[in-house]
Structures are given as structure tokens and as C-alpha cells.
J.: 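Before we start, here is the structure in question, set down as C-alpha cells.
All values reported here derive from a predicted model rather than from experimental measurement. Side-chain atoms are counted along with the backbone in the values below, which use heavy atoms only and exclude waters and symmetry mates.
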Number of protein chains: 2
Amino acid sequence: MPNRAIPDATVARLPVYLRALLELAEGGEMTVSSEDLANLAGVNAAKVRKDLSYLGSYGTRGVGYDVEYLLYQITRELGLTQDWHTAIVGIGNLGRALASYKGFSERGFRIAALFDVDEKVIGEEVGGLIVRHLDELKDIVTDDRIAIGIVATPPQNAQEVAERLVDAGVKSILNFAPAVVNVAPDVNVRKVDLSIELQILSFHLQRTQAIASAREANRQLGG
Amino acid sequence: MPNRAIPDATVARLPVYLRALLELAEGGEMTVSSEDLANLAGVNAAKVRKDLSYLGSYGTRGVGYDVEYLLYQITRELGLTQDWHTAIVGIGNLGRALASYKGFSERGFRIAALFDVDEKVIGEEVGGLIVRHLDELKDIVTDDRIAIGIVATPPQNAQEVAERLVDAGVKSILNFAPAVVNVAPDVNVRKVDLSIELQILSFHLQRTQAIASAREANRQLGG
DNA sequence: TGTCGTTTGTGAGAACAATCACAAGCCCGG
DNA sequence: CCGGGCTTGTGATTGTTCTCACAAACGACA
């Protein structure tokens, strides 16, 4: 009965369910319970049910969910029934790795263009594509209907590159540069920041270490 | 007054503030207001103040925060006063990019070892380190006091690699493999999943597209 | 057809996060 | 030493997400 307001937290988990369902489908499973799906996705069963309920009532009580049907519904909801064209800007170590990454095409994301500003890199072939100069961005984005821009530049160039992408009509940006980019509110930016992730892990390590040494100190004091 | 219970959401933002503060310090700024810091970090000022208040009262009313002092406090809170040793498992495209990534060492994360199982890769030098066989993991983790494991293997190997890391004593794992890994609850796992990020962007693209075509249909019906 | 075991879908409540709004406190100029 | 402008720190409020718990609905089987 819910019209259409899928929570962000749910949207972020749908791809995880999708992957689990693909595995189940390959294994020949016809149906799956929320409990089994929850185990595969690493969450709890109630969350799975609530998440799936936002898509509609696609389960059967006493039985579970039809794997194929659910696969289709999630695929549709995520907009994966069509191929999205993407461009990578910044062909350094990370840009190259992304350009060669097989996981994108498997999910219907076609890397359609690569850009850089370094003359030493332009013209080079990476992952089957020729690296273009950033100045060609706008034309190529328009011609190739590129919908998603991936920023893998050094941080100081990220804002400018993001602006160029937006200027070219891109409404979705995935930012790997360790920098905050500000764009118009109708543009969707997601960031992946490797060193932030490590710093969060560091916080927890430091904390358990601190607890351990406090306990040790306490022990030595005979407390 | 708050003892010590920094919310996860705050912890995740501290590295962003840290980066902004480093820029300010380089620019010679002595103090910064929550408003300015908020702009640099891409959040709002109230959130900055609340986040920082969890660390203690390090600001001065009417003035702002002392840049250097705040830098030190966040660095300490995140456990970045010490260098953490990390190991990368899986030296494919992504593993290589990570091994060569400069951003880690800048933040005090030293990549101390690389592992793979492919004989063609073992022995190769990547980013100044020799790739070792996964079987050497336990010894090297112990000897080099490696605290963080980075998993960059294909998804089907991620769980086993994570288990080996945990068995070797690693308590923090950064997982780049598109797979769910289950480990003991005292081990911290963070995941970075590139194609999930694209799928989330796809969801929003699809949604705005759907709205646009609904509007168009409505217009043509003369509604 | 009725009963039983199973599993969904969802209201209700708890936990967590974001935001608001303002008193408290600081600096400075007179 | 006082008043005004500014900025922090934080209660209070609102919004979002998670979890619980159970009625409703299904299949199977007698």
C-alpha cells in the first residue's frame, strides 16, 4: 500500500539483496525465505521483509519469495533494466583499475569514455578505450548519452571536474577523490573515500587498544 | 560532560573535518568557526558543533576553534597518532591501485605486505613491496604487527581470506570484494562496494526519469 | 474441509541521527 | 567595567532507521 518513498537505507541494501538473489538463481533455487536471504545479505530477517515490503507485496506467506520475480522487481526498481553509460575522469592508478574493473559491466554499467588532462596519458588505450582530453568531455557526454561521471582525479581538481560534468548534463557523480565537491541539489553525488574508511577502522582499533591499556593499568594498580 | 560515546555518524565525519583542518592549517589559519568548517566539510554548522562537542569543549565562544588544537584532538581521537600497518590481499587491478595509492601513507597507514595466491603474481614487486603467498600471511601479520587487512580478491575468495586474516589476529578489515563477509563480532569490517554505489546512483536516475516521463505522459493527455 | 506449521507484512516502540533555537560565554571598543 | 556583536555548546524537537512481535495468509496433509 505504500505509494513510493523507499528509504535511503533500504535503497542502499537492495543491491546486496540483488547479488544474493543472483547467487540463488544460479544455484537453481526457486524461492527464498526472508531468513535465508538475510543470512546471505548479512542483515536480519525483519529488515529484509520491511525493505522488500517497500517494493510491494511480492512474497507468499508460508512459502517465501519467488527468486526470479524478486530479482526482476529489484532490478527494475534500481533502474538496472537499462544500461547506463559512464565516464571516468582521471586516469591514474585508481582510474585505470576502475576502467578495467569487470564488475561494472556485469551490472549494466558501460564505461563509455575516459578523460584526463595529462598529455602523456591522452591517446593511450586503457581497458579497450582511448583516453581523451578533458576538453572533449562535453561533446562526448552528449553524443554518448553518458549519465554517470566517475571522478578519480587528485583532490584539488575534483571540484572543477565535477562542475564540468554537471555542465555537460551529468546528474550523477561517483567521487573517489578525497575532497568535498559541491554541486547543484538536483545532482546526485556519492563519495567513496578510501582513507576515510581506514580512519574509521583506526578509531575502533584505537578505542579497543585504549580500553585494553586502561584495564591493564587498573590491574597493575590492584583495582 | 559527555563521557565517551561518539556516535558512528560523527566518527564517519571526523576524517572529513580533519582534512578540512589540514587545509586551513596549511593556509595559515589560526582559528575557524563552525560555519566555515561546515562549508569546507559540506555539512551544516550545527552538526559540526554537535560532532565536535562529543570530543570535548575545544572551541571558544565568540571566536571559534583553534585549528592546530582541534587537529591534534581529532587526530588523537581517531587513533592517528600512531602508524597502522596494513596488508593487502589480492593483487589484481584494484589491489595494485591500492598498493600504489599515496593517500594511505599520508594519513599514517603503512602498507606493509601484499598477498596473492597466483604464482604469476607472487614475487612481483608492486609499489615497492614483493607480493607474498597467502600462506605466509599469518607469520607476516604477526611479525610486522599488521592491524588492518584489505581484501581486494574476487568475491568467491573474500570470506576465506577474511577468516585467514582474523585467524592471524587482524581485528579490522576493509573489504573491497563484492561479497558479504561474516566474522566474529569483535572484528570490525567495513565494505567499499563500487558497483553498489553505481546502483544507488542508478536508482535515483531511474526515479527522476520515471517522474519526467510520467509528467510528459500527463502533459500529452492534457491533464 | 479443517487443522497445523510456516512465513510474510506491518503496527508499535526503541534507538539513533539531524536540526533547531537560544542561553552562556567570549572579545573588543569605549 | 560595561554593552554589543559574535560564536559555541547543548537541551528540545523532529525525522529516520531498526527491531520486535504478532495477526494474517498460505500450503500441506489428513
J.: Search all heavy atoms of B:Ala152 against all heavy atoms of B:Phe176 and return the closest pair with its distance.
T.: CA-CB, 4.4 Å
J.: Rounded to whole angstrom units, what separation is found between the CG atom of B:Asp8 and the C1' atom of C:dA15?
T.: 12 Å
J.: For A:Asp51 and D:dT16, give me the distance from atom CG to atom P, rounded to whole Å.
T.: 16 Å
J.: Figure out the CG/P separation between A:Leu52 and D:dC18, and round it to whole Å.
T.: 14 Å
J.: Rounding to an integer number of Å, can you tell me how far B:Lys47 NZ sits from C:dC16 C1'?
T.: 13 Å
J.: How many Å lie between CZ on B:Arg49 and C1' on C:dA17, as a whole number?
T.: 16 Å
J.: In whole Å, what is the span from the CG atom of B:Asp36 to the P atom of D:dC6?
T.: 14 Å
J.: I want to verify a distance call: between C:dT7, D:dA21, C:dA17, whose nearest atom is closest to the A:Ala46 side chain?
T.: D:dA21
J.: Under 4.0 Å from OP1 or OP2 of D:dC18: is there any side-chain N or O of A:Asn44 that close?
T.: no
J.: Passes side-chain contact (heavy atoms from CB on, under 4.5 Å), A:Lys138 versus A:Arg164? Steps please.
T.: CA-CA 8 Å; A:Lys138 192 163 185 174; A:Arg164 287 217 199 191; over 6 Å; no
J.: Consider the side chain of A:Arg13, meaning its heavy atoms from C-beta on, and name the nucleotide among D:dG9, C:dG9, D:dC18 that approaches it most closely.
T.: D:dC18
J.: I want to check one thing: is the phosphate of D:dT8, taken as OP1 and OP2, less than 4.0 Å away from some side-chain N or O of B:Ser34?
T.: yes
J.: Counting only side-chain heavy atoms from C-beta out, which of C:dT19, C:dT8, D:dT19 sits nearest to B:Lys50?
T.: C:dT19
J.: If the cut-off is 4.0 Å, is B:Tyr54 near the phosphate of C:dC16, judged by side-chain N/O to OP1 or OP2?
T.: no
J.: Looking only at heavy atoms, what is the nearest atom pair of A:Leu114 and A:Ala99, with distance?
T.: CD2-CB, 4.0 Å
J.: To the nearest Å, how far apart are B:Tyr58 OH and D:dT7 P?
T.: 22 Å
J.: Tell me the interatomic distance from B:Glu35, atom CD, to D:dG9, atom P, rounded to whole angstroms.
T.: 15 Å
J.: Atom CD of residue position B:Glu35 - does it have more than 12 heavy atoms of other residues, nucleotides or ligands inside 6.0 Å?
T.: no
J.: Any side-chain N or O of B:Tyr65 under 4.0 Å from OP1/OP2 of C:dC26?
T.: no
J.: At under 4.0 Å, does any side-chain N or O of B:Arg61 touch on OP1 or OP2 of D:dT10?
T.: no
J.: Is the distance between the ring centroids of A:Tyr58 and A:Tyr69 less than 6.0 Å?
T.: yes
